[in-house]
There are 2 protein chains.
Amino acid sequence: MTILMDYREAMNRQLVTALRSHPRVELETATLKTGDFLIDNILLIERKTFTDFVLSIKDGRLFRQAVRLANAKKVATMILEGTSGDIKAIGMKREALQGALICLSLKFNLPVLRSMSPKETAWLIVAAAGQCTSTRRTEKHPFPRPAPAKRTNIHQQQLFILQGFPGIGPKRAKLLLKTFGSLKAIFSADPSEFKKVGGIGNVTAEKIWEVIHSQRGG
Amino acid sequence: MTILMDYREAMNRQLVTALRSHPRVELETATLKTGDFLIDNILLIERKTFTDFVLSIKDGRLFRQAVRLANAKKVATMILEGTSGDIKAIGMKREALQGALICLSLKFNLPVLRSMSPKETAWLIVAAAGQCTSTRRTEKHPFPRPAPAKRTNIHQQQLFILQGFPGIGPKRAKLLLKTFGSLKAIFSADPSEFKKVGGIGNVTAEKIWEVIHSQRGG
DNA sequence: TGTTTTCGATCTTGA
DNA sequence: TCAAGATCGAAAACA
């Protein structure tokens, strides 16, 4: 079994030692674009300590990573490492933790395994790899992935585009889309119709209309 | 939110009480073929105590259930209820537990959530249902879009907006604007017209059109 | 199948 | 110390 390990993880002595101690494991260091471990090009694993976990929630990194893991054409999982003492020390509310786990598991189809120590993390990696590879030998895909809950949200993209207009931030973008229903309706509206939307005045309405209708060279 | 609860779970007083205490929850008892809870016909949940869990591994019931849950066209998850003390009391080895969790998560694509008590199980059910049913959660906090450096030039603004569409970067944005002349013309075009622009093919054309015309709730 | 474009990530610079 | 800009590489889409 060949484990490609991201170079960052290579600095974790305990984990590396534990992995090397497995006779069937061949460990290589590489630069992985997504995830921390790639086993036999089948199984993709992201390892996070609780501290990492909390930080990556705060800066929104967690969910971007989750999307990418789910989109990779691999079996993907996250291993969350730490004890209940760690959670308390960080000061994370249990509800917040559970909420994040629900989101990862159900919205992103990314299962989360729990580990108490680097040593157990190593064990989990090997065990998971063993189950995935053996699965592959017997049947190709025993159970098709449940409906891809992933699928980038069109609504989100529409809001994103609206925010490109001058004077339009998240709040007004949401109001506009709610009022008009679709981007097409917004792009076909008159300045006077914009002003009916709360928070948009004369100046902003005119600017938006101008950007939409301005022709090349005019 | 309507929760269909299997009649066997109805005997769990603590759980039922906790569920009823949620104002938005409408609780009904039914005979479910698969799983223990079905929420809004979207989310399917199997609840197990550690004791159940161990027993159902031994008699092979666990994996048959997992197959059924995975095959149901719903978002499915298992809630494992109990404390670490319970595990010890049962005498289950940690490796065996982890092995089973790996199998459920990766082989059967059935994520497992952990709960300490019936009360927390109720909380988990409601929270999970909330995340699965409401796409509105993202509506509340749209991600802000980083603004461009210069906003003075109208032409630049138009290009910036076009780059908000999927698959559109600087090159294609410029080509689009050059071909159609104004944003208005682009937003009124058919997918087939997009494809005439060099560098834009089927996939991108359809995506753009979808973002423009997609209506709220459809 | 080869080439181009986009997109995410990292690195760097400057406040 | 953090944020915005430039750079780089990989994946996806085009032809």
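Computation of the quantities below employed the complete heavy-atom set of this structure, encompassing side-chain atoms and omitting hydrogens, waters and symmetry-equivalent molecules. Quick note on labels: first sequence line is chain A, next is B, and so on, each numbered from 1.
- Side-chain nitrogen and oxygen atoms of R172(B) include none within less than 4.0 Å of the OP1 or OP2 phosphate oxygen of dA12(D).
- At whole-Å resolution of the value, CD in Q65(A) and C1' in dT10(C) are 14 Å apart.
- The line from NE2 of H213(A) to NZ of K184(B) is 5.0 Å long, rounded to the nearest 0.5 Å.
- Atom CD1 of I200(B) and atom P of dT6(C) are 9 Å apart (whole Å).
- R145(B) places its CZ atom 19 Å from the C1' atom of dA3(D), with the value rounded to the nearest Å.
- Among the atoms of the strands shown, only primed sugar atoms or phosphate atoms (P, OP1, OP2) are found under 4.0 Å from some heavy atom of K207(B).
- Rounded to a whole Å, the CD1 atom of I208(B) is 12 Å from the C1' atom of dA13(D).
- Distances from the side chain of P170(B) to the nucleotides dA13(D), dT6(C), dT10(C) place dT6(C) closest.
- Atom pair Y7(A):OH and dG9(D):C1' shows a separation of 13 Å (rounding to whole Å applied).
- Computed from coordinates, the F165(B) CZ to dA12(D) P distance equals 23 Å when rounded to whole Å.
- Closest approach of A128(A) and L106(B) over heavy atoms only: CB-CD1, 3.7 Å.
- Separating the CD atom of E206(B) from the C1' atom of dA12(D) is a distance of 17 Å, rounded to the nearest angstrom.
- Nearest to the side-chain atoms of T204(B) among the listed nucleotides dC14(D), dT6(C), dT10(C) stands dC14(D).
- In this structure, the side chain of Q131(B) engages the main chain of G99(A) through a donor-acceptor pair within 3.5 Å.
- What separates CG of L159(B) from P of dT5(C) is a distance of 15 Å, to the nearest Å.
- For K195(A), the NZ atom sits in a packed shell: over 12 heavy atoms of surrounding residues, nucleotides or ligands are nearer than 6.0 Å.
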